Trainee: 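Take this structure first; my questions come after.
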Amino acid sequence: MRCFMEKVKKKKVPHTLVILLVIILCAVALTWIIPAGAYERVENAQGVKVIDPETFHYIEKSPVNPLKIFNIGLDGFKKAATLIYLILFSGASFNIITRSGALQSLIGVVSKKTESKEYLFIPILTFIFGLICTTQGVNTFIGFAPIMVMISLAMGFDSIVGASIILLGGAVGFSTGTLNVNTTIVAQEIAGLPPYSGLSYRAFCFLVFYIVTNLYLVKYALKVKKSPELSPMYEIDKIRIKDTDSHDEFNSPMNGRKWLVILTLFAALGVIVYGGVKLEWKLEETAVVFIWLSIIAGLVAGFNPSQIAKYFVEGAKKMVGAALIIGLARTVSGVLDAGNIMDTSIHAMTGWLNFFPQLLKGPVMFIVNIIVNMFITSGSGQAAAIMPIFAPLADTIGITRQAAVLAFNFGDGFCNYILPTSTALMGILGATDIPYDKWMIFMGKLFGIWVLVGSILMIGAQVIHLGPM
């Protein structure tokens with residue numbers, strides 16, 4: 001596995017921070033070009049200020065001074081402070097859980113129990129990764145990828161199946177946004193929605209995508225097991241050198257401590273959902289739950305206070321990049337606001353979307369988010385950049401803000417598994433020596449299916465007026 005991870009570290013991918021800096025400069029330039037405009041805001045039944053679509057008017061132009069970028073940027077970081085705390089603490093707690101070895105052992109146990117039972121092996125493992133990725137990014141599991149490939153090869157499948165168990169399972173969990181604090185909760189906070197609202201429909205979306213994805217993956221796995229030469233990886237897998245590293249973490253059985261760690265994780269997730277839905281918790285309370293999760297999971301794992309502190313800081317460090325991305329993404333909307341072109345952009349997009357029939361407006365928002373994700377692959381960064389526009393845009397085109405959040409989730413998530421700028425995709429492909437072109441032979445059709453299914457689910461969200469708001 002070490003040789004695989006060394007290759008991952010050498011991978012060159014465009015840096016999201018650089019892309020965001022370029023976008024900020026473009027936003028500044030646009031304030032000098034695009035006419036300034038404004039809508040009137042009114043309070044809806046839930047007390048949230050929304051756009052009155054009939055009140056747009058042009059106002060005096062106010063271009064942004066490029067020297068003021070960092071002043072606006074600091075203001076963006078201040079406004080995003082609670083989100084930044086939440087992301088740092090969630091990363092810290094998950095690092096402690098990973099350090100305990102509980103997740104690795106759980107995956108190892110499931111693999112052994114379902115050996116030679118493809119119809120159970122693949123769906124169970126994709127469900128585990130999907131469930132975990134309702135709160136975490138798929139790139140968390142780059143280190144697991146070589147082992148999943150070896151398990152897949154040992155069962156008669158190919159490398160793509162092993163990588164797909166992580167990538168596709170994680171894609172379903174992350175992209176449907178069921179509980180994700182870095183995407184859904186960020187987007188809902190910006191849209192003025194209660195945290196975790198709309199959970200039941202997102203859970204339904206999780207189930208639909210889970211079934212569709214596993215039908216595709218199991219069918220492919222059985223095909224290459226029966227006829228290995230049909231795999232795009234056939235020639236490469238034939239000469240693949242078996243990794244001789246020991247895999248004690250995955251071979252280690254579940255014990256009492258590890259089960260307690262897993263129980264602590266799911267208990268914490270339950271508390272977060274209950275608090276958000278029933279107690280109207282804000283992001284501050286959710287961040288505190290992750291701190292307690294770090295402490296309790298560390299103690300039940302047998303770590304001493306010094307180890308808990310060390311792993312906490314280690315996990316938080318991994319999320320610093322995401323924190324910077326959120327602050328910079330807020331800067332984009334800050335620049336648009338300062339130049340008074342945010343409402344002008346909303347007005348223009350409203351006119352464009354109004355060319356489409358009402359039922360297609362949700363799917364079109366989903367596809368627009370796919371395009372945006374080609375430039376901003378960070379989920380939290382994209383939420384901070386796009387939701388200030390999409391939330392009021394939803395008001396003007398007659399769909400709910402909750403549906404706009406769903407369009408963001410789908411658009412931000414699913415295309416990460418075809419984009420060569422995605423760290424999760426390229427990291428796992430690099431760790432498993434799967435060429436990008438071979439992956440796309442397998443993935444192209446599934447992505448088309450995802451877009452179709454997502455569009456149908458967006459229409460469903462519009463039909464039921466997915467709420468609140």
Side-chain angles (χ1 to χ4, degrees), residues 5 8-9 15-17 20 77 80-104 129-145 166 170 173-174 177-187 189 195 261-262 264-269 271-273 276 283-299 301 303 306-330 376-384 412-413 416 422-424 427-428:
M5 294 313 296
V8 174
K9 292 174 184 176
H15 204 297
T16 304
L17 290 174
L20 276 173
F77 275 94
T82 307
L83 296 176
I84 290 171
Y85 300 150
L86 179 62
I87 286 171
L88 292 176
F89 297 153
S90 65
S93 62
F94 197 75
N95 187 61
I96 289 172
I97 290 167
T98 304
R99 283 284 188 171
S100 73
L103 288 175
Q104 295 92 319
F129 283 111
L131 202 59
I132 295 170
C133 287
T134 59
T135 64
Q136 298 294 322
V138 181
N139 53 6
T140 304
F141 299 106
I142 291 175
F144 290 19
I166 299 175
F174 182 86
T178 317
L179 302 170
N180 201 299
V181 297
N182 297 325
T183 55
T184 302
I185 305 309
V186 174
E189 190 265 346
V261 169
I262 297 296
T264 302
L265 170 62
F266 287 109
L269 295 178
V271 169
I272 289 170
V273 173
L283 299 185
E284 291 91 339
E285 289 86 356
T286 303
V288 169
V289 172
F290 280 113
I291 297 174
W292 280 110
L293 173 59
S294 300
I295 296 169
I296 296 170
L299 290 174
F303 300 147
S306 295
Q307 288 175 306
I308 293 173
K310 176 185 174 183
Y311 298 149
F312 186 94
V313 172
E314 185 180 81
K317 279 182 180 178
K318 295 175 182 178
M319 304 304 291
V320 169
L324 291 172
I325 286 167
I326 287 177
L328 283 175
R330 282 291 179 96
I376 307 176
T377 53
S378 161
S380 51
Q382 189 181 338
D412 163 64
N416 285 333
S422 167
T423 54
I428 288 178

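Worth saying up front: this structure is predicted, and the values here are computed from it rather than measured.
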Trainee: Are any of the side-chain heavy atoms of Phe312 and Ile295 separated by less than 4.5 Å?
Mentor: no
Trainee: I'd like to check the salt bridge (charged side-chain N to carboxylate O under 4.0 Å, His left out) partners of Glu284; sequence neighbours left out, ordered by chain and number.
Mentor: none
Trainee: Run the side-chain contact (heavy atoms from CB on, under 4.5 Å) test on Arg99 and Glu314 for me, step by step, so that the C-alpha distance in whole Å, both residues' side-chain angles and the decisive distance to 0.1 Å come before the verdict.
Mentor: CA-CA 11 Å; Arg99 283 284 188 171; Glu314 185 180 81; 2.8 Å; yes
Trainee: Can you check whether Ile185 reaches Thr286 side chain to side chain, under 4.5 Å on heavy atoms?
Mentor: no
Trainee: Compare every heavy atom of Ser100 with every heavy atom of Ala301, then report the nearest pair and how far apart it is.
Mentor: CB-CB, 3.7 Å
Trainee: Check the pair Thr134, Asn180 against side-chain contact (heavy atoms from CB on, under 4.5 Å), reporting the backbone distance first and the verdict last.
Mentor: CA-CA 5 Å; Thr134 59; Asn180 201 299; over 6 Å; no
Trainee: What is the distance from atom CG of Asn416 to atom CZ of Phe174, rounded to the nearest 0.5 Å?
Mentor: 6.5 Å
Trainee: Within the structure provided, determine whether Thr264 and Leu293 are in side-chain contact (heavy-atom separation under 4.5 Å).
Mentor: yes
Trainee: As an exercise, state the distance from OG of Ser93 to CG of Leu88, rounded to the nearest 0.5 Å.
Mentor: 11.0 Å
Trainee: Write down the atom of Ala268, the atom of Val289, and the distance for their closest heavy-atom approach.
Mentor: O-CG1, 3.9 Å
Trainee: In Å and rounded to the nearest 0.5 Å, what is the CG to CD1 distance from Leu265 to Ile296?
Mentor: 12.0 Å
Trainee: Measure the CD1-CG distance between Ile132 and Leu179 for me, rounded to the nearest 0.5 Å.
Mentor: 12.5 Å
Trainee: Among residues at least two apart in sequence or on other chains, which ones pass side chain to side chain contact (heavy atoms under 4.5 Å, CB included) with Ile308?
Mentor: Ile96, Leu299, Phe303
Trainee: If only atom types and distance count, is the side chain of Asn95 paired as donor or acceptor with the main-chain N or O of Tyr311 below 3.5 Å?
Mentor: yes
